[in-house]
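Below is one structure, written out as structure tokens; the observations come after it.
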Amino acid sequence: MADLLGSILSSMEKPPTVGDKESRRKAREQAARMKKMQEDEKKKKAEFRKRMEKEVSEFIQDTKQQKRKYNPMGKIERSILHDVAEVAGLASFSFGEDEESRYVMIFKKEFAPSDDELEAYRKGEEWDPQKAEYRRRLKEQAALEEETACKTQKRAASPSSNYRDKYSHLIGTSSAKDAAHTLEANQAYGMVPVANKRDTRSIEQAMNEIRAKKRQKTGDEDTGAGSTSTS
């Protein structure tokens, strides 16, 4: 019985000491502070979003404004502003080298920035449309000059004009054709017209002449052999 009572008493939670009470009190206070901070942060975000929605709405209604630049703000604030701009149908971009200097710019869709304008903002430069147009013309001129130089090099590999066209005022445009039509073979150099080289004999005549030449050759050989045996 004593053992049973001892085991029951030992399993029961001991009464808290003064130190335990103080620790629990501090834990409760810390949890309450954390909850209040979270509520305050949530409230601040809601208030900031409400203010941004109002400013964005005023920006859209102002027909004179094409873009708006905001002061540097934290990452959470930038994210809220980007979300508000997207819901309103605007384009938004963040610029700045480090976290403390990053800021947001919003643009109306019909005045969305070009790649050159965005590149200028990323470099920390002010956008000047006149300077940008001047740079664009310089680029186009340089590209045109390079293309012209390439075409000139290609033309240098082949004659720029036909010599017959170049000297047509001296030899005439039909001189070569007329010379080709009037050219005749010079028989002094052994040239024979093609018509004279054609065999006009029939097949029977050609065969008879071949047989006659063979008989003549055979007769000559026989005559030569008889003369040899006689001698």
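- For Lys69 and Tyr103, the positive end sits near the middle of the six-membered ring, less than 6.0 Å away and at most 45° from its axis.
- Side chains of Arg122 and Glu119 form a contact here, defined as non-hydrogen atoms less than 4.5 Å apart.
- For the ring pair (Phe, Tyr, Trp, His ring centres under 6.0 Å) test, no residue two or more places apart in sequence or in another chain qualifies with Phe48.
- Side-chain contact between Gln141 and Glu145 is present, with heavy atoms from C-beta onward closer than 4.5 Å.
- We find that Glu53 and Arg49 are joined by a salt bridge, their nearest charged nitrogen and carboxylate oxygen being less than 4.0 Å apart.
- Between Glu29 and Arg25, at least one side-chain N (NZ, or NE/NH1/NH2) sits under 4.0 Å from a carboxylate O, which counts as a salt bridge.
- Counting heavy-atom neighbours within 6.0 Å of Glu140 CD, excluding the residue itself, gives a total above 12.
- Cluster annotation: Ile106 and Tyr121 are assigned to distinct hydrophobic clusters (Ile/Leu/Val/Met/Phe/Trp/Tyr, side-chain heavy-atom contacts under 4.5 Å, transitive).
- In summary, Lys36 and Asp40 engage in a salt bridge, as defined by a charged side-chain N under 4.0 Å from a carboxylate O.
- Ion pairing of Arg68 with Glu58 is absent here, as no side-chain N (NZ or NE/NH1/NH2) approaches a carboxylate O to less than 4.0 Å.
- Closest of all the heavy-atom pairs between Pro113 and Phe107 is CD-CG, 3.7 Å.
- Atom CD of Glu47 has more than 12 heavy atoms from other residues, nucleotides or ligands within 6.0 Å.
- Around CD of Glu146, the count of heavy atoms belonging to other residues, nucleotides or ligands within 6.0 Å does not exceed 12.
- Taking all atoms of both residues into account, the shortest heavy-atom contact from Tyr70 to Met52 is CE2-SD, 4.0 Å.
- Environment of CG in Asp98: crowded, with over 12 heavy atoms of neighbouring residues, nucleotides or ligands closer than 6.0 Å.
- Closest heavy-atom contact between Gly74 and Glu99: C-OE2, 4.4 Å.
- Considering every non-hydrogen atom in both Lys108 and Gln65, the closest pair reads NZ-O, 2.8 Å.
- Under a hydrophobic clustering in which Ile, Leu, Val, Met, Phe, Trp and Tyr are joined whenever their side-chain heavy atoms come within less than 4.5 Å, directly or via other members, Leu81 and Phe95 fall into different clusters.
- Note on Tyr134 and Trp127: separate hydrophobic clusters, where clusters join Ile, Leu, Val, Met, Phe, Trp and Tyr whose side-chain heavy atoms are under 4.5 Å apart, directly or indirectly.
- The pair Lys151-Glu147 meets the salt-bridge criterion, since a charged nitrogen lies less than 4.0 angstrom from a carboxylate oxygen.
- Atoms CG and NZ, on Leu90 and Lys67 in that order, are 14.5 Å from each other to the nearest 0.5 Å.
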*Would Lys43 and Glu39 count as a salt bridge (Lys or Arg N to Asp or Glu O under 4.0 Å) if you check the C-alpha gap in whole Å, the side-chain angles of each, and the deciding distance to 0.1 Å?*
CA-CA 6 Å; Lys43 185 179 179 181; Glu39 290 177 352; over 6 Å; no

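- No chain of hydrophobic side-chain contacts below 4.5 Å, direct or via other Ile, Leu, Val, Met, Phe, Trp or Tyr residues, connects Ile80 to Phe93.
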*Quick one: do Gln61 and Ser57 satisfy side chain to side chain contact (heavy atoms under 4.5 Å, CB included)? Show the steps, please.*
CA-CA 6 Å; Gln61 294 175 8; Ser57 177; 3.5 Å; yes

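- Nearest heavy atoms, Arg102 versus Ser94: NH2-CB, 3.2 Å.
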